[in-house]
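Structure, as structure tokens:
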There are 2 protein chains.
Amino acid sequence: MESCSHFDIDKLAKVMKILSEPNRLNILCSMGLECTPVSAIIAATGLSQTNVSFHLRIMREAGLVKGERRGAFIYYCLYDTTLLEVLENMSQWMDDSQKKAFA
Amino acid sequence: MESCSHFDIDKLAKVMKILSEPNRLNILCSMGLECTPVSAIIAATGLSQTNVSFHLRIMREAGLVKGERRGAFIYYCLYDTTLLEVLENMSQWMDDSQKKAFA
DNA sequence: TGCGCATATGAGTGATAGCGCATATACTAG
DNA sequence: CTAGTATATGCGCTATCACTCATATGCGCA
């Protein structure tokens with residue numbers, strides 16, 4: 001029935017949902033390619049500690065991010081660092097698409 | 001502060017949110033590259049008329065989709081047909097990412 | 001062992017999203 | 001003009017989400 005049966009819509013929707021939260025995107029961005037302690041994320045984003053932990057858990061359980069303990073700190077990093085490229089591509093597509101609309 | 005300041009996080013989040021609904025993704029897929037009357041979308045997805053209209057409005061207002069009247073019918077089509085490729089890329093990335101996780 | 005810092009978790013809350021029902025609007029045919 | 005079909009919209013309900021507060025856990029240090 002659908003022309004795009006070659007990919008799993010529900011799985012795609014779940015990942016998209018996780019990436020549809022500005023605070024989560026900010027957290028991902030603030031991590032960048034390096035592993036970063038939670039406190040640094042808190043400082044970079046200005047979000048509350050609880051809130052950052054809340055979002056990190058969601059992304060961790062989705063396999064987007066992983067956290068490893070180093071002494072008293074827990075360092076979080078992207079599970080697959082190409083995620084940032086994916087976001088960038090998406091953003092680029094939005095710009096291009098918008099340009100097309102006004103052409 | 002963020003390493004990816006070159007794209008608009010809020011705008012990205014909004015589009016992602018719209019694409020994070022399985023029914024909406026199904027609707028987009030069922031349209032494919034062709035303009036399709038609402039009734040055909042209803043038939044293809046099995047969703048209620050009200051529900052399809054509801055989702056179409058959201059995607060229309062977001063500029064993902066446009067509808068044009070042809071007689072009694074309203075034909076909907078992708079505003080930018082490359083959207084399907086974007087979804088496909090995203091889906092592909094998810095698969096690759098998952099493979100990496102188990103390597 | 002006990003204190004303090006870093007982070008996680010559970011409960012509760014307000015806002016929002018998705019959905020169905022009923023109804024309205026736009027168009028066509030007779 | 002009327003009846004029927006195609007689609008949109010307003011309202012109300014429920015589930016889910018993002019968030020906060022309070023508290024728990026894990027670690028290092030005195």
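Worth knowing before you read on, the calculation uses all heavy atoms, side chains too, and leaves out hydrogens, waters and symmetry mates.
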Per the disulfide (SG to SG under 2.5 Å) rule, what does the pair list look like for residues 43-91 of chain B, sequence neighbours excluded?
B:C35-B:C77
5' to 3' on DNA chain C, which nucleotides open and close the contacts with chain B (atom under 4.0 Å from a heavy atom)?
C:dG18 to C:dT28
With ILVMFWY side chains joined below 4.5 Å, transitively, what does A:F73's cluster contain besides itself?
A:Y75
Do the side chains of A:I74 and A:P37 get nearer than 4.5 Å, heavy atoms only?
no
Salt bridge (charged side-chain N to carboxylate O under 4.0 Å, His left out): pairs with one or both residues in residues 76-98 of chain B, sequence neighbours excluded:
A:K11-B:D95, A:K100-B:D80
Backbone of B:L78 reached by a side-chain donor or acceptor of B:T81 within 3.5 Å:
no
N or O in side chain of A:N51 less than 4.0 angstrom from D:dC21 OP1/OP2
no
The residue, A:G71 or A:N23, whose nearest nucleotide of DNA chain D is more 5′ is A:N23
Any side-chain N or O of B:S39 under 4.0 Å from OP1/OP2 of D:dT7?
yes
Have a look at A:R70 and say if it touches a base, only the backbone sugar-phosphate, or nothing, with a 4.0 Å heavy-atom cut-off.
nothing
According to a strict under-4.0 Å criterion, is A:H55 in side-chain N/O contact with OP1 or OP2 of D:dC17?
no
What residues, two or more places apart in sequence or in another chain, satisfy side-chain hydrogen bond (donor to acceptor under 3.5 Å, both in side chains) together with A:N23?
none
Side chain to side chain donor-acceptor pair (under 3.5 Å): pairs with one or both residues in residues 56-74 of chain A, sequence neighbours excluded:
A:R60-A:Y76, A:E68-A:R70
Check for a donor-acceptor pair, side chain of A:T36 on one end and backbone N or O of A:E34 on the other, with a separation under 3.5 Å.
yes
Which parts of nucleotides 8-13 of chain D does protein reach within less than 4.0 Å, heavy atoms only, written one letter per nucleotide 5' to 3' as B for base, S for sugar-phosphate only and - for none?
BB----
Selection: residues 13-21 of chain A, any non-hydrogen atom under 4.0 Å of DNA chain D
A:E21
Return the value, rounded to whole Å, for the distance between atom CZ of B:F73 and atom C1' of D:dG4.
12 Å
Please report, to 0.1 Å, the donor-acceptor pairs under 3.5 Å made by any side chain of residues 42-49 of chain A, with sequence neighbours excluded.
from	atom 1	to	atom 2	distance (Å)
A:T45	OG1	A:I41	O	2.8
A:T45	OG1	A:L47	N	3.3
A:S48	OG	A:N51	N	3.0

Quick one: does B:L19's side chain get under 4.5 Å of B:L83's, heavy atoms only?
yes
My understanding is that only residues two or more places apart in sequence, or in another chain, count here; which of them pass side-chain contact (heavy atoms from CB on, under 4.5 Å) with B:A72?
none
